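Each remark here refers to the structure printed beneath this line.
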Amino acid sequence: MDFWQRYRAIDARDTRFDGQFFTAVSSTGIYCRPSCPARTPKAENVTFYETSAAAHEAGYRACKRCLPEAVPGTPAWNIRSDIAGRAMRLINDGVISREGVDGLAHRLGYSARQLNRILSNELGAGPLSLARASRAQTARTLLVSTDMLLADVAFASGFNSVRQFNDTIGEVFAMTPTAVRATAAKSGQRRGTGAAAPAELTLNLPYRDPFDPGIFDFLAVRAVPGIEAASTSSDGTGTHETRTYARTLRLPRGNASFSVSYNPSALGKPLQLTAAVVDLHDLPALLSRVRRLFDLDADPLAIDDALAKDPRLTASVAAIRGMRVPGAVDPHELLIRAMIGQQITVGAARTALTYLSAAGSRVDSASPGLESLFPTAAELAEKGRALLRGPQRRIDSIVAAAEAMATGELEFGYGDHLEGLERKLLPLPGVGPWTVGYVAMRVLGAPDVFLANDAAVRNGLKVLPAGAGLSADFREVSPWRSYATMHLWRAAAVKHEGRERAIAPNTRDVRERSPQTPGT
């Protein structure tokens, strides 16, 4: 977007652009979200920034009226596969807090000096400033959503000291932490609990409307007992249903568990997270991974508008608004799950994963039904052969991948790009282009992956209207082909009053079949 397109967006107070850029006003010294209700500033007083950190660096403070930090993140970090986009995914996952700028630079293959120059040129701020802005956003969320002690909020947000926390909150918001917490009542945000048990908290996750709850169905049919749990409860009228998904996971400093629930009949249609972590320092990583799992930084209106222009998808988009691409809370786990699901039904893959879960560690969890963690790569390498069933060649491939990850020979994650992921994964036995594309969709959040040789995609094409003269790979809707794939999967899965049907594999490449169950 150029200057005047952004200026028209703030003049219209368009909420679609909240979190995608920030508006700094030189006459007031503050920066706002695009939908700020204040009077539109004169164009000559306006500077637009890609990140709130860039506005901080330029000397601006956050608007107390529109609270620009209380918005979903920008979808650009998934769309962009350049160094800036990859760096932001890692920063949001807390890499700088754990490994410093040198660790971030090493993961990206640059020196710290080069990385600082690139991010300053691209985003207007260096990695430390970007990390500080991320911590400030997490801190604001915890301050207004929980009753955690201020010291606990400081460390849970990634700050190394309470003084650093107080200074940053003062610089960014021009308020004390106590004053920021007081804004919760004014903005109508409901505060959760956490004073008695600071490692447990409940808060609402911001997202852009519309939101399709079908992602809960996707996760539910793949839920491994003991590690994951999913449920649906009705309000008694049959009109509204509350969906819940919960699981355990392993984070950098300890274990955690969380549940996410969605009630479309509640005021504001909140997406509520309840989380418990062993180490408060892991909270930023947990929040980041949950947001990635539910694709909460997506811009569904832009995506739906692009998809609806393709006549093959017009009716599907009209019926299912706000489709999301499920992410992954653990990149290594996702690869193992994809490889196990090759050429078998989702139900069979879930059964195999249930057997394999015996290799994982047992944990104490406050959530019923969550007793264990998904096995680590080392545990799979040691115990996988005894627990896996099926063709020996597939077992060998899965164990070999686990061994490579356990030894560090294979390392990939949120900071990779598609080309790099292909170089790392394709040499593995049993991994083909489909698997790489599927991992890219779910781990990287890559929005433009189309799995053309997938059996379910082809069956979805048979259900949807024909597209005479249109490309077979849906290039017309680029860069949103991952979402087109989700629509095709959904169409292929719908049969017999919404029950999932098995789709027989008929390609040589490996795949997890029938990936999406029908939505509501």
Side-chain angles (χ1 to χ4, degrees), residues 69-70 72-73 92-94 97-98 134-159 181 184 189-207 211 215-216 219-220 223-224 226-231 242-263 266 270-297 326-330 333 361 363-374 414:
E69 306 294 340
N92 290 335
D93 194 51
S97 297
R98 298 190 299 270
S134 179
R135 294 185 195 117
Q137 186 174 25
T138 301
R140 196 213 67 85
T141 299
L142 297 178
L143 285 169
V144 304
S145 302
T146 77
D147 293 322
M148 292 171 64
L149 298 175
L150 296 184
D152 291 327
V153 171
F155 295 114
S157 304
F159 293 99
R181 171 164 279 172
Q189 292 174 284
R190 185 177 65 83
R191 288 164 59 181
T193 60
E200 298 181 2
L201 62 109
T202 298
L203 52 86
N204 291 338
L205 299 169
Y207 64 90
F211 178 81
I215 191 170
F216 283 91
L219 297 171
V224 179
I227 298 173
E228 301 168 279
S231 63
T242 298
R243 315 287 186 90
T244 301
Y245 170 78
R247 71 159 292 162
T248 61
L249 73 160
R250 191 176 286 101
L251 292 171
R253 291 184 174 91
N255 304 327
S257 63
F258 71 85
S259 67
V260 176
S261 61
Y262 177 70
N263 181 1
L271 197 65
Q272 191 172 76
L273 168 70
T274 300
V277 297
V278 171
D279 191 316
L280 284 174
H281 291 86
D282 277 331
L283 269 175
L286 174 65
L287 293 173
S288 175
R289 295 185 190 192
V290 171
R291 294 194 63 81
R292 294 187 66 80
L293 179 64
F294 285 88
D295 196 15
L296 298 185
D297 292 333
V329 296
D330 186 319
E333 173 188 326
S361 304
V363 295
D364 294 326
S365 173
S367 302
L370 301 180
E371 300 92 15
S372 59
L373 295 163
F374 193 87
Y414 304 120

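Keep in mind that the numbers below use all heavy atoms, side chains included, and drop hydrogens, waters and symmetry copies. Worth saying up front: this structure is predicted, and the values here are computed from it rather than measured.
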With distance as the sole criterion, is a donor-acceptor pair present between the side chains of T274 and T202 under 3.5 Å?
yes
What residues, two or more places apart in sequence or in another chain, satisfy side chain to side chain contact (heavy atoms under 4.5 Å, CB included) together with T244?
S231, T242, S259, S261
Any side-chain to backbone donor/acceptor pair from R247 onto E228? Under 3.5 Å, distance only.
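No, the answer is negative, given that no donor and acceptor are paired below the 3.5 Å cut-off.
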Please check this pair: side chain of R181 against backbone of L143, looking for a donor-acceptor N/O pair closer than 3.5 Å.
yes
Begin from the C-alpha positions of L293 and Y245 and carry the test side chain to side chain contact (heavy atoms under 4.5 Å, CB included) through to its verdict.
CA-CA 11 Å; L293 179 64; Y245 170 78; 3.8 Å; yes
Evaluate side chain to side chain contact (heavy atoms under 4.5 Å, CB included) for N263 paired with Q272, printing each intermediate quantity in order.
CA-CA 9 Å; N263 181 1; Q272 191 172 76; over 6 Å; no
Minimum heavy-atom distance between [X] and [Y], given as atom pair plus value:
{"X": "A285", "Y": "D93", "answer": "CB-O, 3.5 Å"}
{"X": "A275", "Y": "L286", "answer": "CB-CD2, 3.4 Å"}
{"X": "S97", "Y": "R253", "answer": "O-NH2, 3.9 Å"}
{"X": "V278", "Y": "G254", "answer": "CB-CA, 4.4 Å"}
{"X": "R250", "Y": "F374", "answer": "NH1-O, 3.2 Å"}
{"X": "R135", "Y": "S157", "answer": "CG-O, 3.2 Å"}

[Y] and [X], any side-chain heavy atoms less than 4.5 Å apart:
{"X": "L251", "Y": "D279", "answer": "no"}
{"X": "S372", "Y": "T248", "answer": "no"}
{"X": "V153", "Y": "F159", "answer": "no"}
{"X": "L280", "Y": "D152", "answer": "yes"}

Parallel, tilted or perpendicular for H281 and F155, by the 30°/60° rule?
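Rings of H281 and F155: tilted, as their planes differ by 30° to 60°.
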Relative to the ring of Y262, is the ring of Y207 parallel (under 30°), tilted (30 to 60°) or perpendicular (over 60°)?
perpendicular
Rounded to the nearest 0.5 Å, how far does [atom2] of [Y] lie from [atom1] of [X]?
{"X": "L203", "Y": "M148", "atom1": "CG", "atom2": "CE", "answer": "10.0 Å"}
{"X": "N255", "Y": "L370", "atom1": "CG", "atom2": "CG", "answer": "12.5 Å"}
{"X": "N204", "Y": "L273", "atom1": "CG", "atom2": "CG", "answer": "9.5 Å"}

State whether R291 and D297 are salt-bridged, where the test is any N-O pair (Lys NZ or Arg NE/NH1/NH2 against Asp/Glu carboxylate O) under 4.0 Å.
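A salt bridge links R291 with D297.
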Criterion side chain to side chain contact (heavy atoms under 4.5 Å, CB included) on F294 and L219, from CA distance to verdict:
CA-CA 10 Å; F294 285 88; L219 297 171; 3.9 Å; yes
Applying side chain to side chain contact (heavy atoms under 4.5 Å, CB included), run through F258 and V277 and close with a yes or a no.
CA-CA 8 Å; F258 71 85; V277 297; over 6 Å; no
